[in-house]
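Each remark here refers to the structure printed beneath this line.
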Amino acid sequence: MYSLRQVREALAGVSPEEPGTRERDISQKFKELAKAPHLLELVSAIRQEAKTIVTSSQPALPFSLFQLFETQGSRLEFEQPYFSRRARLAILALASLLDQTDEYLPTLENEIWEVCLEYSWALPAHLPVGLAESRTARVAPQQTVDLFAAETAQQLAETVSWLRSRLNPWIEYRVREEIEKRIYQPLFYDPHHFWWETSTMNWAAVCSGAVGITLLELETDQERQLGMLERILNAMRSFLEGFGEDGGCPEGISYWTYGFGYFVYFAEALHEYSRGKLDLLQDKKIKRIASFPNCVSLGKTYWVNYSDAPPQLQLETGLVSRLVKRLDVAAPTMEKIPALEKTKDHLRFRWVHLTRNLLWTDPALLQQPTLAGTFYLPDIQWLVTREYIGNTLIGFSAKGGHNDEPHNHNDLGHFLLFVGDESLLCELGAGLYTRDYFREKRYSFLHPSSLGHSVPVINGQLQQAGADNYAEVVQQREAANRLLFELDLTRAYPALANLQKFTRQFVWTTQAEMKKAQLELSDIFKFSAEKNSLEEVFISLIQPVIAAGKITWVGNQGKVTLTFDQGQFEARLETVQAYAKEGDLINIYRLCLACKSVAPEINSQFLFTCELSQATVPFTN
């Protein structure tokens, strides 16, 4: 990361652009993009949506919605219209740029003006809870710089910069005034830091990256800009410290896209602004971080999704295209450019992703096949392997790590089995984001609790949160079609579990000629007490079929069959309902295998067989 001296020297020789140059260059670029064959579908959707927006009212953000997080702990009611406002602003600006039309500018100006009138650009979920806390906070709600206050500043800054001469000068004046009060003053004028400035997770990159792009677009005083950039770069340094040398992102693919995405967006803005003299991407660790999506891809839009990550996600094609171009990393499969995310009730798509998808997407990278392979990330202790049987992808993943990770789940020793287009034994991902989900009651929710993972309940004890609860890798090796991964999970459980030793061993083998793969799971327990209880648990979103000594989960393209010693275990199925991140109530199936007699030393053996369904594309050599 560059020092202030290095930044000063790099920028000293950069001549200011002639007035209007930036706007003219952007205008010409978008005029060309409007005709690009690979963008026709997205551009058409933007045009259509713009016409709808100008005839509809901006969503309201009344006090009754603002206070819901405090009174009920719920977020969606406020956040849906909040994000819809920013999506409308994005569409109007892009339609104006793509079609070189002034048709939407009056509505756009009103949208900007209304956003500038909002009480706070930060979400209620990121403000002090309640009036008493707000009164004693270091900064007022209007000056709280959170993820979305920073994103709002960046979106407004680029909008007025790219459309400057076409907008009423009052709009730029108002935007500059609000950014000064809401962002620059609390962030740069006070020696106290926001907590995220020394964070090692996505907040550091998103907040600093968005603000960094803002000041590169708007700030003309170079000495003032230098001081601001120093603070931005310090926060980026903290963000990168959250990655090990393996480049793994414990927050998962969606937060890689968000956090590392903003690091890249800012890095490229700085690279362009400095005429190539400052390049934050030129580091071996950065290249390894950029390779993370390829490691956790399960083909098409599917992912290994530990923590609060989703199982299905369309990658931002602009971001990946730029990383491939600049760093020559392997690109995971990208089926198409992400479409506009529109529901019946609201719009939600981020300006930064949408604009870079338009500007940077390389159509040659779309619909490339996902290559088979095995990937091990030793710092976060994730193992991922994927391979094809015929044309169908089958995958296995397991994780160690510790229970104090960003967006932590208590999930040491958890695993998933993937066939075709779904994880039959799965990771639930994120539950509904509420006040309690990110506070003391987090592990009362099924999604982050160890009850929501394929890990045992030992003497009635669950895994606990905290860095003292961790896994140790005993061995990890690969040979021919056999993969072995063994973890010591003794420290994953509290003392009340009465464990002297607990190891979990995974042996994954493929038998392509028989169109199947198998996972042998061995749990070896040594207890410090004579009387013990043990319940092995396996999680799925598919209701299993239970038979004598055999359990089967049937998916769209295949099935997983578990065979076990019915003399040792008794099967029980629990169906639990829980809210997923987007607010949907889903059924979660917990297969519980209760050990009938737990000796002081016991070895639990399970065999999972993954097979393709008859309708699947036949195997070919």
Side-chain angles (χ1 to χ4, degrees), residues 202 243-244 246-260 288-315 320 329-335 370-388 392-401 405-430 447-448 452-455 471 473 476 478 483 485 487 504 506 508 510 517 519 521 538-541 555 558 560 580-581 608 610:
N202 72 85
F243 293 87
D246 62 8
C249 179
E251 294 181 282
I253 186 62
S254 56
Y255 287 99
W256 176 93
T257 301
Y258 193 26
F260 185 63
R288 286 190 286 269
I289 298 171
S291 300
F292 177 73
N294 187 54
C295 296
V296 297
S297 173
L298 290 173
K300 298 180 181 177
T301 59
Y302 302 100
W303 307 93
V304 173
N305 66 309
Y306 299 125
S307 304
D308 279 339
Q312 193 169 10
L313 175 81
Q314 281 196 320
L315 272 186
V320 175
V329 295
T333 297
M334 301 183 293
E335 292 202 300
T370 301
L371 299 180
T374 296
F375 307 89
Y376 178 57
L377 302 170
D379 291 303
I380 59 174
Q381 298 178 359
W382 290 17
L383 177 70
V384 180
T385 186
R386 58 179 185 257
E387 46 211 305
Y388 287 93
T392 303
L393 191 147
I394 288 183
F396 158 68
S397 178
K399 78 176 293 291
E405 297 164 345
H407 285 266
N408 181 67
H409 287 198
N410 292 336
D411 59 355
L412 308 180
H414 181 53
F415 67 100
L416 59 84
L417 294 172
F418 183 90
V419 180
D421 61 358
E422 60 192 328
S423 290
L424 303 186
L425 288 180
C426 70
E427 161 62 50
L428 298 177
H447 284 74
H453 295 85
S454 296
V455 297
V473 177
Q476 182 274 318
E478 180 182 9
L483 187 64
F485 187 43
L487 298 169
R504 167 165 278 194
F506 304 93
W508 171 259
T510 54
L519 173 68
L521 176 67
F538 305 106
I539 299 293
S540 182
L541 295 175
V560 171
K581 184 180 178 181
F608 298 87
C610 304

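Throughout, residue positions are numbered sequentially from 1 according to the sequence presented.
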Requested in this report: Let me see the working for Leu416 and Phe396 under side-chain contact (heavy atoms from CB on, under 4.5 Å), right down to the final yes or no.
Outcome: CA-CA 6 Å; Leu416 59 84; Phe396 158 68; over 6 Å; no

Report task. Might you work through the salt bridge (Lys or Arg N to Asp or Glu O under 4.0 Å) test for Arg288 and Asp246, ending with a clear yes or no? Result -> CA-CA 6 Å; Arg288 286 190 286 269; Asp246 62 8; over 6 Å; no

Report task. Verify side-chain contact (heavy atoms from CB on, under 4.5 Å) between His453 and Asn410, making sure each step is shown before the conclusion. Result -> CA-CA 8 Å; His453 295 85; Asn410 292 336; 6.0 Å; no

Query raised in the report: Can you list the steps and then say if Asn202 with His407 is a side-chain contact (heavy atoms from CB on, under 4.5 Å)?
Result: CA-CA 10 Å; Asn202 72 85; His407 285 266; 4.1 Å; yes

Query raised in the report: Are Tyr255 and Phe260 close enough, and set up right, to give a ring pair (Phe, Tyr, Trp, His ring centres under 6.0 Å), and what steps lead you there?
Result: CA-CA 8 Å; Tyr255 287 99; Phe260 185 63; over 10 Å; no

Requested in this report: With ring pair (Phe, Tyr, Trp, His ring centres under 6.0 Å) as the test, would you mind laying out the steps for Trp382 and Tyr376 before giving the verdict?
Outcome: CA-CA 6 Å; Trp382 290 17; Tyr376 178 57; over 10 Å; no

Report task. Dump the intermediate steps for side-chain contact (heavy atoms from CB on, under 4.5 Å) on Ile394 and Thr510, then the final yes or no. Result -> CA-CA 9 Å; Ile394 288 183; Thr510 54; over 6 Å; no

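Residue Leu383 holds its CG atom at 10.5 Å from CH2 of Trp508, rounded to the nearest 0.5 Å. The distance from atom CG of Leu313 to atom CG of Asn305, rounded to the nearest 0.5 Å, is 10.5 Å. Asp308 CG to His447 NE2: the interatomic distance, rounded to the nearest 0.5 Å, is 9.0 Å. The line from CD of Glu427 to NE2 of His409 is 5.5 Å long, rounded to the nearest 0.5 Å. To the nearest 0.5 Å, the span separating CG on Leu315 from OG on Ser254 amounts to 10.5 Å. For the atom pair Cys295 SG and Leu377 CG, the distance stands at 5.0 Å (nearest 0.5 Å).
Summarising the geometry of Leu424 relative to Gly558, their closest heavy-atom pair is CD1-O, 3.9 Å, with the distance given to 0.1 Å. Between Gly299 and Thr370, the closest heavy-atom pair is CA-OG1, 3.3 Å. Residues Ser540 and Leu425 share a closest heavy-atom pair of CB-CD2, 4.3 Å. Of all heavy-atom pairs between Asn294 and Ala331, the closest is OD1-O, 4.3 Å. In plain terms, the two heavy atoms of Lys399 and Leu487 that are nearest each other are O-CD1, 3.4 Å. Nearest heavy atoms, Pro250 versus Gly248: CD-O, 3.5 Å.
Defined by atom type and a distance below 3.5 Å, a donor-acceptor pair is present between the side-chain atoms of Tyr306 and Ser397. Inspection of the Thr301 and Gln314 side chains reveals no N or O donor paired with an N or O acceptor under 3.5 Å.
With a 4.5 Å cut-off on side-chain heavy atoms, Asp421 and Tyr302 count as touching. Between Thr374 and Val384, every side-chain heavy-atom pair lies at or beyond the 4.5 Å cut-off. The side-chain heavy atoms of Trp303 and Leu298, taken from C-beta on, include no pair separated by under 4.5 Å.
Relative orientation of the Phe506 and Phe485 rings is parallel, given thresholds of 30° and 60° on the angle between their planes. Ring-plane geometry between Phe415 and Phe608 is classed as perpendicular, the angle between the planes exceeding 60 degrees on a 0 to 90 degree scale with a lower cut at 30.
Under the 3.5 Å distance criterion, the side-chain polar atoms of Trp256 are left unmatched by any main-chain donor or acceptor of Ala290. Judged by distance alone, the side chain of Ser307 and the main-chain N or O of Asn408 form no donor-acceptor pair under 3.5 Å. When atom types are taken as modelled, the side chain of Thr392 and the backbone of Gly420 share no donor-acceptor pair closer than 3.5 angstrom. With hydrogens and angles ignored, the 3.5 Å screen pairs no side-chain donor or acceptor of Ser297 with any backbone N or O of Pro332. Judged by distance alone, with hydrogens and angles left aside, the side-chain atoms of Arg386 form no donor-acceptor pair with the main-chain N or O of Gly395 at under 3.5 Å.
Aromatic ring centres of Phe292 and Phe243: separated by at least 6.0 Å.
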